[in-house]
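Some notes on the structure that comes next.
We use all heavy atoms of the structure for the numbers below, so side chains are in, but hydrogens, waters and symmetry mates are not. Per chain, numbering begins at 1; letters A, B, ... match sequence-line order.
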Amino acid sequence: MPELPEVEVVRRGLRQWVIGREIDSTEVLHPRAIRRHLPGALELAARLRGRTLVSAERRGKYLWLPLSGDEDALMAHLGMSGQLLVVERDAPLEKHLRVRIRFRDGGPDLRFVDQRTFGHIMVSPLVAGVPEPITHIAPDPFEEAFDDARFAAGLRGKRTEIKRALLDQSLISGVGNIYADEALWLARLHWARPTNTLTRPKITELLAAVRQVMGAALLQGGTSFDSLYVNVNGESGYFDRSLEVYGRQDQPCSRCGTPIRREPFMNRSSYFCPRCQRRPR
DNA sequence: CGGGGCTCCTGGTAGC
DNA sequence: TGCTACCAGGAGCCCC
């Protein structure tokens, strides 16, 4: 479950259900799920055995669980369809179960379930508290470390469209296709607006919109159109009811009544109000 | 080098 | 009903 609010919902569930627990066994049922853990499945299991999960952290769409000993962490990215579920150890195996982690306390498993296998998990060293593979991504806009001025300068230095920039995790992390469209609508910006034409005040407005939209989504448990996007207990959020443009092709804009338009964008879609969000010339 | 496009997967749904 | 085409909350990698 992809974007920042959904990943944060998962992080909170992990904090509640797996922190302080000692790992017993790790079973990898599909090699693609650990493709970025180069030493392989056996090494992964050996690294985890006997380690205790000490906290649950997140940056953007990445999650990690630092391990006792303080120098490495179990990291996860959910991709398009990944789930981290906490389920009773004798529960039936999910159809798309990829990795199963069992604990010494005999309590519920931590299971990584992922239909499309774009997600992955791995163990990696921590560098200044962040897993080494994600040191290149920017902080997300809810972190203290996020620097608004740096983001603005980075945007204006790029020659690209604003939506592409919002999805570029090295400029700002955590924003995906849904919340990019929602924030652009709120800030009245067309997705194809060149970044180098944005004024400082407009960028400030856009950042406020990003925070507004993702913050509101988090309060409602995230967005889920179907059972693929659930918290660790398998429950859906309901921010989908609050979406203004995403998935609302031909429905009226709540501000002006103009039908929402859908256009192809990077092998997926952009939704916007053609009146509130004027196409740049 | 920065930017844009392709690709890795599985499954649901719309349309013929 | 059965097929095909298209669509899906991501991002790494390759090529220009």
Side-chain angles (χ1 to χ4, degrees), chain A residues 1-11 29-38 58-63 75-84 94-98 112-122 131 133-138 140 154-184 191-192 194-196 210 213-214 216-218 220-231 236-250 262-271:
Chain A
M1 48 164 82
E3 305 180 48
L4 186 153
E6 294 76 35
V7 178
E8 175 62 12
V9 167
V10 173
R11 188 192 71 82
L29 293 95
H30 194 308
R32 249 182 79 77
I34 60 144
R35 65 194 178 283
R36 303 192 64 84
H37 187 86
L38 302 182
R58 182 188 55 73
R59 167 165 284 184
K61 305 170 196 172
Y62 286 87
L63 279 167
M75 184 178 82
H77 191 282
L78 302 176
M80 290 287 267
S81 55
Q83 306 172 330
L84 283 166
E94 293 78 3
K95 179 174 184 188
H96 301 295
L97 179 62
R98 308 305 188 197
F112 180 61
V113 175
D114 188 9
Q115 177 196 110
R116 293 176 71 185
T117 71
F118 291 169
H120 65 97
I121 69 167
M122 65 188 296
I134 63 164
T135 51
H136 69 287
I137 78 168
D140 69 58
L155 262 194
R156 290 200 294 181
K158 283 209 169 270
R159 299 194 63 82
T160 189
E161 298 160 345
I162 183 56
K163 185 170 173 183
R164 301 187 84 102
L166 282 177
L167 299 179
D168 179 347
Q169 305 296 298
S170 70
L171 276 177
I172 179 172
S173 66
V175 182
N177 205 35
I178 291 182
Y179 300 110
D181 281 1
E182 294 297 309
L184 289 168
W191 58 267
T195 51
N196 58 0
V210 167
V213 164
M214 294 202 300
L218 180 56
Q220 298 189 55
T223 300
S224 62
F225 305 117
D226 55 49
S227 60
L228 277 186
Y229 303 97
V230 294
N231 68 15
S236 295
Y238 46 94
F239 190 70
D240 60 306
R241 298 172 203 169
S242 305
L243 296 174
E244 296 282 0
V245 286
Y246 188 86
R248 299 192 67 245
Q249 182 177 17
D250 298 333
R262 172 189 174 277
E263 289 182 354
F265 170 83
M266 289 172 69
N267 281 332
R268 45 174 81 113
S269 302
S270 268
Y271 297 91

Exercise. How many angstroms lie between atom CG of A:Asp114 and atom CG of A:Leu228, to the nearest 0.5 angstrom?
Worked result: 9.0 Å

Problem set entry | Whole-Å gap separating P (C:dG10) and NE2 (A:His136) | 15 Å

Problem set entry | d(CG, A:Asp114; P, C:dA8) in whole Å | 18 Å

Exercise. A:Arg36 near the nucleic acid: base, sugar-phosphate alone, or nothing, with a heavy-atom cut-off under 4.0 Å?
Worked result: sugar-phosphate

Problem set entry | Under the side-chain contact (heavy atoms from CB on, under 4.5 Å) test, residues paired with A:His37 that sit two or more places apart | A:Ile34, A:Pro39, A:Glu43, A:Leu44, A:Arg47, A:Met122, A:Val123

Problem set entry | OP1 or OP2 of C:dG9 under 4.0 Å from side-chain N/O of A:Lys61 | no

Problem set entry | Nucleotide-level pairing of DNA chain B, given in dot-bracket where Watson-Crick and G-U pairs need both distances under 3.5 Å and | marks other strands | .|||||||.|||||||

Problem set entry | Integer-rounded Å distance: C:dG12 P and A:Leu38 CG | 14 Å

Problem set entry | A:Arg262 CZ - B:dA14 C1' separation (whole Å) | 13 Å

Problem set entry | Interface with DNA chain C, restricted to residues 237-244 of chain A and to heavy atoms under 4.0 Å | none

For this session: Measure across A:Ala165 and A:Leu155 and return the closest heavy-atom pair with its distance rounded to 0.1 Å.
Result: CB-CD2, 3.5 Å

Exercise. Is the shortest heavy-atom distance from the side chain of A:Tyr179 to the side chain of A:Glu6 under 4.5 Å?
Worked result: yes

Exercise. For the side chain of A:Gln83 and the backbone of A:Ser81, is there at least one donor-acceptor N/O pair under 3.5 Å apart?
Worked result: no

For this session: Round to the nearest Å and state the distance from A:Arg59 atom CZ to C:dA11 atom P.
Result: 14 Å

For this session: Applying side chain to side chain donor-acceptor pair (under 3.5 Å), name anything that partners A:Arg116, two or more places apart in sequence or on another chain.
Result: none

Problem set entry | d(OH, A:Tyr229; P, C:dA8) in whole Å | 11 Å

Exercise. Between C:dG12 and B:dG11, how far is it from one P atom to the other, in whole Å?
Worked result: 24 Å

Exercise. Sequence neighbours excluded, which residues qualify as salt bridge (charged side-chain N to carboxylate O under 4.0 Å, His left out) partners of A:Arg59?
Worked result: A:Glu143

Exercise. Atom CZ in A:Arg241, atom OG1 in A:Thr223: separation rounded to 0.5 Å?
Worked result: 11.5 Å

Exercise. Residues two or more places apart in sequence or in another chain: which of them pass side-chain contact (heavy atoms from CB on, under 4.5 Å) with A:Asp168?
Worked result: A:Lys158, A:Ser170, A:Leu171

Exercise. What's the closest nucleotide to the A:Glu3 side chain, out of C:dC7, C:dG10, C:dG12?
Worked result: C:dG10

For this session: Grab the CE-P distance between A:Met75 and C:dG10 for me, whole Å please.
Result: 16 Å

Got a list of protein N/O to nucleotides 2-6 of chain B N/O distances below 3.5 Å?
| residue | atom | partner | partner atom | Å |
| --- | --- | --- | --- | --- |
| B:dG3 | OP1 | A:Arg159 | N | 2.8 |
| B:dG3 | OP2 | A:Lys158 | NZ | 2.6 |
| B:dG4 | OP2 | A:Thr160 | OG1 | 2.6 |
| B:dG4 | OP2 | A:Arg164 | NE | 3.4 |

Exercise. Should the pair A:Tyr246 and A:Tyr271 be assigned to parallel (<30°), tilted (30 to 60°) or perpendicular (>60°) ring geometry?
Worked result: perpendicular

Seminar exercise, completed: Result for side chain to side chain donor-acceptor pair (under 3.5 Å) between A:Ser270 and one of A:Glu263, A:Lys163, A:Arg262 points to A:Lys163

Exercise. Where does C:dG9 land, syn or anti, given syn is within 90° of 0?
Worked result: syn

Problem set entry | Residues in salt bridge (charged side-chain N to carboxylate O under 4.0 Å, His left out) contact with A:Glu94, at least two apart in sequence or another chain | A:Arg111

For this session: State which residues pass salt bridge (charged side-chain N to carboxylate O under 4.0 Å, His left out) with A:Asp140; sequence neighbours excluded, sorted by chain then number.
Result: A:Arg58

Restricting both atoms to N or O, compile the protein contacts to nucleotides 9-11 of chain B shorter than 3.5 Å, with distance only.
| residue | atom | partner | partner atom | Å |
| --- | --- | --- | --- | --- |
| B:dC9 | O2 | A:Arg116 | NE | 3.0 |
| B:dC9 | N3 | A:Arg116 | NH2 | 3.3 |
| B:dT10 | O4' | A:Gln115 | O | 3.4 |
| B:dT10 | O2 | A:Gln115 | OE1 | 3.0 |
| B:dG11 | OP1 | A:Lys95 | NZ | 3.1 |
| B:dG11 | OP1 | A:His96 | NE2 | 3.2 |
| B:dG11 | O4' | A:Gln115 | OE1 | 3.3 |

Seminar exercise, completed: Sorted by chain and residue number, the salt bridge (charged side-chain N to carboxylate O under 4.0 Å, His left out) partners of A:Lys61 (sequence neighbours excluded) come out as none

For this session: Could you identify which residues of residues 172-180 of chain A place a heavy atom less than 4.0 Å from some atom of DNA chain B, listed by residue number, or say none?
Result: none

Exercise. Is there a donor-acceptor contact under 3.5 Å linking the side chains of A:Glu3 and A:Tyr229?
Worked result: no

Problem set entry | Distance, rounded to the nearest Å, where A:His120 contributes NE2 and C:dA11 contributes P | 9 Å

Problem set entry | Atom of A:Arg35, atom of A:Gly119 and distance for their closest heavy-atom approach | NH1-O, 3.0 Å

For this session: Fit a plane to each ring of A:His120 and A:His77, take the angle between them on a 0 to 90° scale, and name the class: parallel (under 30°), tilted (30 to 60°) or perpendicular (over 60°).
Result: parallel

